[in-house]
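Atoms considered below: every heavy atom in the structure, side chains included; atoms not considered: hydrogens, waters and symmetry mates.
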Amino acid sequence: MQTSSLKESIWQIVAAIPEGNVATYGQVAALAGYPNHARYVGTTLKNLPKGTRLPWHRVVNGRGELSFPINSEPWHKQKAYLEKEGILFMGKGFSLKQYQWQA
DNA sequence: GGTATGACAGAGT
DNA sequence: CACTCTGCCATAC
């Protein structure tokens, strides 16, 4: 897929995350070919069109938390999506590894 | 203290 | 002007 830009690569990787699993920015960035640019993943996702079908809500940071400001609109929305898929976030003994997606 | 992560910002094409 | 890519720094573990 050399015709795809990095953004499209990220798009496909995120879209490949199975339901009930999550991936970290570093994970996606590494799969996209940029193991040291996890920030770019978030920046790119933020720039995605409003009507994207990309399950960006399955992408979380390395601590197993959402990268949005707590109590923000998108924060609640993402958390709701995750819980709906069976991923209970912010748990006391939450283990990211337990949900970490593996290519 | 060192390593790893990040929803940015700035610069280049 | 729009989109892409690289770099620095602060915070958490």
Side-chain angles (χ1 to χ4, degrees):
Chain A
M1 296 294 196
Q2 71 280 41
T3 58
S4 307
S5 308
L6 226 200
K7 189 169 78 172
E8 294 184 43
S9 298
I10 292 169
W11 198 87
Q12 290 175 69
I13 291 165
V14 176
I17 302 174
E19 193 173 294
N21 280 221
V22 296
T24 63
Y25 293 99
Q27 179 85 42
V28 177
L31 291 170
Y34 288 75
N36 289 109
H37 285 146
R39 301 167 123 213
Y40 180 56
V41 177
T43 304
T44 302
L45 294 179
K46 194 187 68 170
N47 273 291
L48 282 169
K50 184 183 178 187
T52 185
R53 301 171 184 51
L54 190 69
W56 55 269
H57 56 263
R58 288 181 194 150
V59 184
V60 296
N61 64 25
R63 296 178 228 148
E65 296 194 3
L66 311 185
S67 308
F68 289 113
I70 295 209
N71 285 299
S72 225
E73 295 288 322
W75 185 88
H76 285 298
K77 199 169 181 105
Q78 185 174 10
K79 186 168 178 284
Y81 279 127
L82 293 168
E83 291 183 356
K84 208 185 300 178
E85 298 193 352
I87 303 173
L88 302 178
F89 258 41
M90 307 290 168
K92 295 173 185 174
F94 173 74
S95 305
L96 178 62
K97 281 282 185 180
Q98 179 179 335
Y99 297 105
Q100 181 117 36
W101 171 56
Q102 295 181 35

Checklist line | Spatial distance of atom CG (A/Leu88) from atom NZ (A/Lys79) [nearest 0.5 Å] | finding: 8.5 Å
Notebook entry, point to check: Can you name the closest pair of heavy atoms from A/Gln78 and A/Val60 and give their distance?
Noted result: NE2-CG1, 4.1 Å
Item checked: Sub-4.0 Å heavy-atom contacts from residues 26-38 of chain A onto DNA chain B, ordered by number -> A/Gly26, A/Ala38
Scan the side chains in residues 50-59 of chain A for donor-acceptor partners under 3.5 Å anywhere in the protein, sequence neighbours excluded, and list what turns up.
from, atom 1, to, atom 2, distance (Å)
A/Thr52, OG1, A/Trp11, NE1, 3.4
A/Thr52, OG1, A/Leu54, N, 3.2
A/His57, NE2, A/Glu85, OE2, 3.3
A/Arg58, NE, A/Glu85, OE1, 2.9
A/Arg58, NE, A/Glu85, OE2, 3.3
A/Arg58, NH1, A/Ile17, O, 2.7
A/Arg58, NH2, A/Glu85, OE2, 2.9

Notebook entry, point to check: A/Leu96 has an atom CG; how far is it from atom C1' of B/dT5, in whole Å?
Noted result: 12 Å
Notebook entry, point to check: Between atom NZ in A/Lys46 and atom P in B/dG6, what is the gap in whole Å?
Noted result: 16 Å
Margin query: At 4.0 Å (heavy atoms only), tell me whether A/Gly42 reaches a base, stays on the sugar-phosphate, or touches nothing.
Written below: base
Check: Within the pair A/Ser67 and B/dG6, is there a side-chain N or O less than 4.0 Å away from OP1 or OP2?
Finding: no
Margin query: Taking the minimum atom-to-atom distance to the side chain of A/Arg39, which one of C/dT4, B/dA7, C/dG7 wins?
Written below: C/dG7
Next item on the list: Locate the shortest heavy-atom distance separating A/Leu31 from A/Trp101; write the atom from each residue and the value.
Entry: CD1-CZ3, 3.5 Å
Checklist line | Nearest-Å distance for atom pair NZ/C1', residues A/Lys97 and B/dA4 | finding: 13 Å
Next item on the list: Calculate the interatomic distance between A/Leu45 atom CG and C/dC3 atom P; express it in whole Å.
Entry: 15 Å
Check: Closest nucleotide of DNA chain C for A/Asn47 versus for A/Arg63: which of these residues is on the 5' side?
Finding: A/Asn47
Check: Applying the 4.5 Å side-chain criterion to the ILVMFWY set and letting contacts propagate, would A/Tyr81 and A/Val22 be lumped into a single cluster?
Finding: no
Checklist line | Atom pair distance, as rounded to whole Å: CD in A/Glu65 and P in C/dA12 | finding: 10 Å
Notebook entry, point to check: Of all the nucleotides listed (B/dC8, B/dG6, C/dA12), which has the minimum atom distance to the side chain of A/Asn61?
Noted result: B/dG6
Check: Between atom NZ in A/Lys79 and atom P in B/dA7, what is the gap in whole Å?
Finding: 18 Å
Next item on the list: Take the protein atom CD1 of A/Ile70 and the nucleotide atom C1' of B/dA7, then report the distance between them rounded to whole Å.
Entry: 14 Å
Check: Of the nucleotides B/dG6, C/dT4, B/dA7, which one has an atom closest to the side chain of A/Lys7?
Finding: C/dT4
Notebook entry, point to check: Which heavy atom of A/Ala38 sits nearest a heavy atom of A/Gly26, and at what distance?
Noted result: CB-N, 3.7 Å
Checklist line | Nearest-angstrom distance from the residue atom OH of A/Tyr40 to P of C/dC3 | finding: 11 Å
Item checked: Passing option when A/Thr24 is tested against A/Asn61, A/Val41, A/Leu96 for side chain to side chain contact (heavy atoms under 4.5 Å, CB included) -> A/Leu96
